[in-house]
Chemist: 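Quick one: this structure, given as structure tokens, is what I'll be asking you about.
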Amino acid sequence: MALLEIKDLHASVADKPILKGINLTIKPGEVHALMGPNGSGKSTLSNVLAGNEAYVKTRGQVLFNGVDIDDLAAHERACAGMFLAFQYPVEIAGISNMYFLKAAVNAVRKYQGRDQLDAMDFLDLIEEKKKVVTIRDDLLERAVNSGFSGGEKKRNEIFQMAMLEPKLGILDETDSGLDIDALRVVADGVNALRNEERGFLVITHYQRLLDYIVPDHVHVLVDGQIVKSGGKELALELEDEGYTSWDSE
Amino acid sequence: MKIEDEKSFDELGDKEYKYGFVTDIESDSLPPGLNEDIVRAISKRKDEPEWLTDWRVKAYHHWTTLEEPTWAKVEFPPIDYQALSYYSAPKQKIDAPKSLDEIDPELLETYKKLGIPLHEQEVFAGVVAVDAVFDSVSVATTFKGKLEEMGIIFGSFSDAVKEHPELVKKYLGSVVPYKDNYYATLNSAVFSDGSFCYVPPGVRCPMELSTYFRINAANTGQFERTLLIADEGAYVSYLEGCTAPQRDENQLHAAVVELVAHKDAQIKYSTVQNWYPGDKDGKGGIYNFVTKRGHCRGDNSKISWTQVETGSAITWKYPSCILKGDNSVGEFYSVAVTNNMQQADTGTKMIHIGKNTSSTIISKGISAGKAQNSYRGMVKVVETAENARNFSQCDSMLIGDQCGAHTFPYIDVSNPTAQVEHEATTTKIGEDQIFYCNQRGLDTEEAVTMIVNGFCKEVFRELPMEFAVEAQKLLGISLEGSVG
């Protein structure tokens, strides 16, 4: 069964149609890259999938693990294993990153009918995941994303993903604004999380990230539609030619 | 999905007020109405000395000359003071209970439901001593004996009048005079009971002292009076909790709290107020019109108020500090949550009189539903207050678009060496923050609770540990159904 099946998806933001018939299927273990120019609808797609109510699905169907996502509220999609690494991670004052993570991990576990982790088990899990995605202790103790640099925020997103062990990871322009070192940290984290069951949708404007996270499939999104799909070599073509060939249409 | 969400939020909104039960207990009440005879009858029933009866009567006569204050940003229909009963006491099988065994089991059951451990052996590691006030009278005080060994007097106000009349006479009305304001004057005339505490010089009270207030009887006002004195170099931390049954009528609660801190003394006073707030449409609920004031009488004294106000239909409350002693310190930490039709007008007054006095005000107002939440605070620095310092921070958070947050700071400085700082912010709880939490698996209620808890963190960390946990939970319950 496909992990994610998007069929003829249309969506609007503030009554303005943005997505105009997307079709995309991601199977377990696959990494799909979605590339496209600014304004093509990349972030809209990630928000619609994750259930942000500011984005309204107007037509089509999305199945996640065979379940229609219309039947799942945003937090239920997360609990069912969909993780969105935000382009702009949000700050929450007064709540430590660690406390937030524990609440999140236990919310997901509760939904999945698993035991709650106590403080000791949780700390063990943190230590285990720090081996996958390195993160400084002070970032875990500080309030969620408060005063984090751009790179630290993105690293924190990937760390959260490691903690929550999703079935599908969606990376929404995680590379934007990162220098090469930060980019490498993010990519290493994602690569360490790749396995036969987990799927990824890597959304990016630039080919650069795909040097580090090598995709199985590449799709080009222009004006709300996927105009071309191919293997990883498609990303390199885009690097050479840019999106200009579609602009005139 | 959207529709289902709304349904589930409605269900949550209907979730019953956990403490809304009524205890079926016989009570000894005076007939409704207020006049000099009623005031005298209350005093007589309590077997009070003449000076106290006279004081009440003076207060009553003064009250008849006053009018209800109208400056607060709250709205309510006129209160018929003649329709209220001013005294209600649970009928005891034995006149005055000498020990917990003699207290009506039905009453003990009530306190058990409220989670107040009256039986001493159940008191968690002996860290809290409790005085419980049911309707108008104080019914049980735990650990009285242990505290007495240290010279600490802690118990009901009525007992103090009998056993320590000299202390009561000396301090009663010395911080909040009977002419102070409409509600405090009313309280002075008809107050029924409350807690009294005196900590002698140099004694550090080893446990948290706690009073639990409960209104049970219908159509009854609760007018308790708390008087707390920390003598030279003494320290005491005091907690106050409040609940009431769910009734369709509004009930009046007009309490007075007076604190006196002598030289080098410290008083920490924490309140978690969870009176019944009324239903979603604003029917019923407690009118919480309370006067609380602390007097830093001696040099280097300190009074710290921390309050978490989640209940009541209307809250009208300004715990204040008069900083008379040199180097004295006043603090006010407040979280006020209003949801549905609740209204709160709350804040503080810091009156700087002594030299090098300093005060801190941290106020967090959270408004949801159709509620109105106002911060009203005054910082006054008089001529004698050389080098006074004040820092005020008033933050408001709005949940939804039908509620209101207001800030009314009054600053009155008569000494040029003063430094007064005021910061204020208003934020709307962010859809983006809620979505971020949703995307990590937290449902919207959990997300709101978490974000609001983060917002209130600076106040919660001032609360004693057990209370902080309770306050956080209470916040979640109060905000249930606030987002949809």
Side-chain angles (χ1 to χ4, degrees), chain A residues 46-47 49-57 68-97 99-112 143-146 153 156-157 160-161 163-166 170 172, chain B residues 1-9 11-12 333 335 362 364 366 393 395-397 400 423 425-463 468-469 471-473 475-476 483-484:
Chain A
S46 65
N47 277 288
L49 292 176
N52 187 336
E53 287 181 8
Y55 297 76
V56 182
K57 175 169 162 292
D68 191 322
I69 60 167
D70 284 355
D71 296 334
L72 300 172
H75 73 278
E76 292 171 319
R77 298 179 198 186
C79 290
M82 187 191 289
F83 182 94
L84 172 61
F86 283 61
Q87 184 177 3
Y88 304 108
V90 178
E91 298 185 8
I92 305 173
I95 295 294
S96 82
N97 213 2
Y99 180 86
F100 178 72
L101 265 175
K102 183 158 181 266
V105 166
N106 277 332
V108 170
R109 290 179 71 96
K110 188 176 170 194
Y111 184 87
Q112 295 173 351
V144 180
N145 292 318
S146 295
K153 282 183 182 170
N156 192 33
E157 293 291 289
Q160 290 184 9
M161 181 159 75
M163 290 292 290
L164 292 169
E165 302 174 344
I170 303 168
D172 188 2
Chain B
M1 181 185 83
K2 184 79 185 159
I3 291 161
E4 270 178 22
D5 268 355
E6 278 165 10
K7 184 169 154 259
S8 65
F9 288 137
E11 280 165 9
L12 284 164
Y333 300 97
V335 167
I362 309 283
K364 305 278 180 177
I366 298 116
Q393 187 185 325
D395 299 324
S396 305
M397 182 179 264
E423 289 178 9
T425 64
T426 301
T427 47
K428 200 162 182 292
I429 196 162
E431 297 290 335
D432 56 339
Q433 284 182 316
I434 292 174
F435 177 58
Y436 189 72
C437 294
N438 284 159
Q439 220 302 308
R440 296 299 179 257
L442 304 171
D443 68 30
T444 300
E445 299 275 339
E446 290 169 322
V448 169
T449 302
M450 180 172 283
I451 295 162
V452 173
N453 266 310
F455 176 71
C456 299
K457 193 184 178 194
E458 290 154 283
V459 174
F460 285 164
R461 70 174 172 218
E462 298 296 326
L463 286 171
V469 174
Q472 284 185 26
K473 281 190 200 148
L475 204 77
V483 229

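Convention: sequence-line order gives letters A, B, ...; per-chain numbering from 1. Every value quoted in this text rests on a predicted model; they were computed, and no experiment measured them.
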Chemist: Please classify the contact of A/Val105 with chain B as side chain, backbone, both or neither, using a heavy-atom distance under 4.5 Å.
Modeler: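 Neither part.
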Chemist: Among A/Asn47, A/Val108, A/Asn52, single out the residue with the greatest number of heavy-atom pairs under 4.5 Å to chain B.
Modeler: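 Ranked by contacts with chain B, first place is A/Asn52.
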Chemist: A/Ala50 versus chain B, heavy atoms under 4.5 Å apart: side chain, backbone, both or neither?
Modeler: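 For A/Ala50, backbone and side chain are both near chain B.
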Chemist: Determine the option with the most heavy-atom pairs under 4.5 angstrom with chain B, choosing from A/Phe100, A/Tyr99, A/Tyr88.
Modeler: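 Looking at each option in turn, the highest pair count goes to A/Phe100.
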Chemist: Begin with the C-alpha distance, continue with both residues' side-chain angles, and end with the deciding distance and a verdict on side chain to side chain contact (heavy atoms under 4.5 Å, CB included) for B/Phe435 and A/Val90.
Modeler: CA-CA 9 Å; B/Phe435 177 58; A/Val90 178; over 6 Å; no
Chemist: Between A/Pro89 and chain B, which part of the residue has a heavy atom less than 4.5 Å away: side chain, backbone, both or neither?
Modeler: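 Both backbone and side chain.
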Chemist: To the nearest 0.5 Å, what is the distance between CD1 on A/Ile92 and CZ on B/Arg440?
Modeler: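 These two atoms lie 9.5 Å from each other.
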Chemist: Measure the spacing between CG of B/Asp432 and CZ of A/Phe86 and express it to the nearest 0.5 Å.
Modeler: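 Taking CG in B/Asp432 and CZ in A/Phe86, the distance rounds to 9.0 Å.
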Chemist: Can any side-chain N or O of B/Gln433 pair as donor or acceptor with the backbone N or O of A/Glu91 at less than 3.5 Å?
Modeler: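 Side chain of B/Gln433 to backbone of A/Glu91, a donor-acceptor pair under 3.5 Å: yes, one is there.
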Chemist: What distance do B/Leu442 atom CG and A/Tyr111 atom OH have between them, rounded to the nearest 0.5 Å?
Modeler: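 It comes to 14.0 Å.
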Chemist: Between A/Glu76 (side chain) and B/Asp443 (backbone), is there a donor-acceptor pair under 3.5 Å?
Modeler: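 Between the backbone of B/Asp443 and the side chain of A/Glu76 there is no qualifying donor-acceptor contact (under 3.5 Å).
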Chemist: Considering non-hydrogen atoms only, spot the tightest contact between A/Ala107 and B/Gly441 and give its length.
Modeler: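 Where A/Ala107 meets B/Gly441 most closely, the heavy atoms are CB-O, 3.3 Å.
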Chemist: Supply the atom-to-atom distance B/Gln439 CD to A/Met82 CE, rounded to the nearest 0.5 angstrom.
Modeler: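 Taking CD in B/Gln439 and CE in A/Met82, the distance rounds to 8.0 Å.
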Chemist: Can a donor-acceptor pair be found between the side chains of A/Asn145 and B/Tyr436 at a distance below 3.5 Å?
Modeler: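 Looking only at side-chain atoms, B/Tyr436 and A/Asn145 do form a donor-acceptor pair, the distance falling under 3.5 Å.
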